[in-house]
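Within every chain, numbering begins at 1; the chains are lettered A, B, ... in the order of the sequence lines, protein sequences first and strands thereafter.
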Amino acid sequence: MTNSVDIDGNSRILAGTVDIGAYETAVVHHVTVSCGANGSIAPGGVVAVVDGADQIFQILPDADYKVEDVLVDDVSVGAVTSLTLSAIAADHVVRATFVPASWAKADFAVETIQLATTTLAPGAVFGATVTVRNRGGIAGDAGMLRVWVSHAPPVAPGEAGNAEQTVGGLAPGESRTLTFAGLTAAAAAGTYQFRACVDADNVTPEYSWGDNQLPVTYTTVADGSSDPGANVWERADFAVTHQEFIGPSPTVANEVFAVRVTVENRGQIAGDAGNLGVFVSHASPVVVGETGQALASVGILQPGESRTLEIGGLVAAAERGAHLLRSYVDIDDVTTEWSEGDNQLPLTYQISPVFLHVQPVAGGIALSWNSFWGDRYIVYRAGSLSAPFVPLATDIEATPPTNGYIDVNPPPGGAFYKIGVQPWGAAP
Amino acid sequence: METHYVSPSGNHTAPFTTWATAARNIQAAVDAATAGHTVLVTNGTYMLASNISITKGIAVQSVNGAAVTVIDGNGATRCISMNHTDAVLDGFTVQGGYNPGGFGGGVNIVSGGTVRNCFLQDNQARDGGGIAIDNDGVVVNCVVRDNLAASNSTTGYGGGVRLLNGGTARGCLIVGNTSRNYGGGINIWNAGLVQNCTIVSNTAPNGAGIRTRQQGIVVNSVIYDNVGLDWQLNGIGYGYTNCCTPGAAALPGSGNIASDPSFVTAAVADYHLQAGSPCLNAGVY
């Protein structure tokens, strides 16, 4: 006969039958139990079960509820009230959900709350739209829909609020949307919970009070400006939101081109967006009042309204290299805005370096290259790449967009040419 | 049921029935007890000049367990002799026993007695360094470790346990014992039962883990990682059932497996089984 306990004093049989050896070892698995509202599972929490053992769970709906479904490792086993996991050999998760046992009651719920904005000035007036629904099985009086502009904890039935409206009767499944205007946000800067509660006085028996109310979060931000009586949320805010070249970007010095620019009023009120100033080469940000190469009138923009303008006749930079084109809306600052930081946007383009073309022609070798105002050029020639380049001509003035030169006496064995650039005033 | 007390601080007044009058040595309390009595021993190390002899149906048990209640033969004498079916020794460390010319260094049971919940360690005898059982007796839920079966020559039978003509070792960890000749962990001669024992790291030239000669029965036991052959068979009539040991297929019996038992970690002498061990739920009840 085997001992009843092992050498450690543990039961000699912990799962199945006795182990081989002096020690009885309990290999433990865990069943994690959870359930939705309106019921429970026993035992609950995390249940330790020795390897190979069975574990029975009781699924216990609250009064007036029944089991909707039981899931084991996310697989439904049906609406059972007792569950046996047999010969447990791994960890498991058991979950149960519950529904009303019969649909003989109404059940009102606040389903959505929409605030006009979730960021407000302290004490600002705002509006809210609340949708309620009867989720129950019979019609009922949804009583009063009450709202609180700042109420973090759940409200109790009958608690006074900041505003209320009568909902009236709702059929099963029927929803109703009510709008509240003239609500006043919390007076101090911070984050608050706006809360709405249907049948706030609990006049109708329901399945659940838990879904009668719903909170949403909003934030109040202090103005910080010295603009008495006009907080930042009551300003226009113009922005250049997009710009692009119409056609290819300019690549040749002094090339004429056009751009398409989109501006938008991101603010809360309409305003005059003034003129759009275009600066064809402006590396640093433009400052209000600067004079650009072109101006285009934008005019009044409503909140959220955008407008696209096309500006042509722009002349590209004469200097080789990268350039930043900038467009600035309300360049003369005719309207006070929330922010000037988004009034301008840069757009990059590149003026190409010198490219030399060489072609035999009658009477010699013709050279041509793209040229730039302000440059003078030197034409060099060498009999081979190991031989020195010797100037053929110097002080050739630029004649943009191209310059040309003919070597009338090329060597019979061929030659190599290069163009040197020599700024005005510099020695050849 | 009367209790006789043993304490290093008792005033040693027979019949030792209070802690105040407790005996200062165990033999005195045993002598004062009669059948059905209990000898209760509190914490301390009880050094012996001669072995404690228990020949009646009494229980000698410690108050707080083997870790703090020590019977020490001082390398000079066997520690315990038992010879009664109802005699019980419970909850002691039995160490330092010495009987190189005979049976049982730590404990010798002849025709009856039970040793349980004890550490039998660092004892020496020719037969059964830790414990020898002759005819009948049980050693149960004990750790039998680091004992030696050796006469002062090359003879030795059962470094940890010697079963002769009967006796049972059940639920014991038998580890680190040595025999000069047969059965480093256990030697069975002519009958004996080994049940639910873990027999590891023992050493002997013949049957480092266990040697069964005639009628030895071994059940539900792990015999593994011994220094030498884990098992040796001699004679006839033995059987192995549901044991875990290398070469299990060659054993007479059924349900034996050769798989690694998968100890938690043998390196620190933790011989519990890991999850997934082939020994889990593999015994026969």
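Of all heavy-atom pairs between Asn220(B) and Val18(A), the closest is ND2-CG1, 3.6 Å. The shortest heavy-atom contact between Tyr23(A) and Tyr271(B) is CD1-O, 3.4 Å. Among all heavy-atom pairs drawn from Asn281(B) and Glu24(A), the shortest one is OD1-OE2, 4.5 Å. Listed here is the closest heavy atom pair of Cys172(B) and Ala22(A): O-CB, 3.5 Å. Contact between Val5(A) and Asn141(B) at its shortest, heavy atoms only, is O-ND2, 3.4 Å.
By the 4.5 Å heavy-atom criterion applied to side chains, Thr25(A) and Gln274(B) are not counted as neighbours. Contact annotation: the side chain of Ile7(A) approaches that of Val143(B) to within less than 4.5 Å [non-hydrogen atoms, C-beta and beyond].
By the neighbour-count criterion of 12 heavy atoms within 6.0 Å, atom CD of Gln114(A) is sparsely surrounded, having that number or fewer from other residues, nucleotides or ligands. Atom CG of Leu229(B) has 12 or fewer neighbouring heavy atoms from other residues, nucleotides or ligands inside a 6.0 Å radius.
Rounded to the nearest 0.5 Å, atoms SG (Cys243(B)) and CD1 (Ile20(A)) are 7.0 Å apart.
Proximity to chain A (any heavy atom under 4.5 Å) is shown, for Cys244(B), by both the backbone and the side chain.
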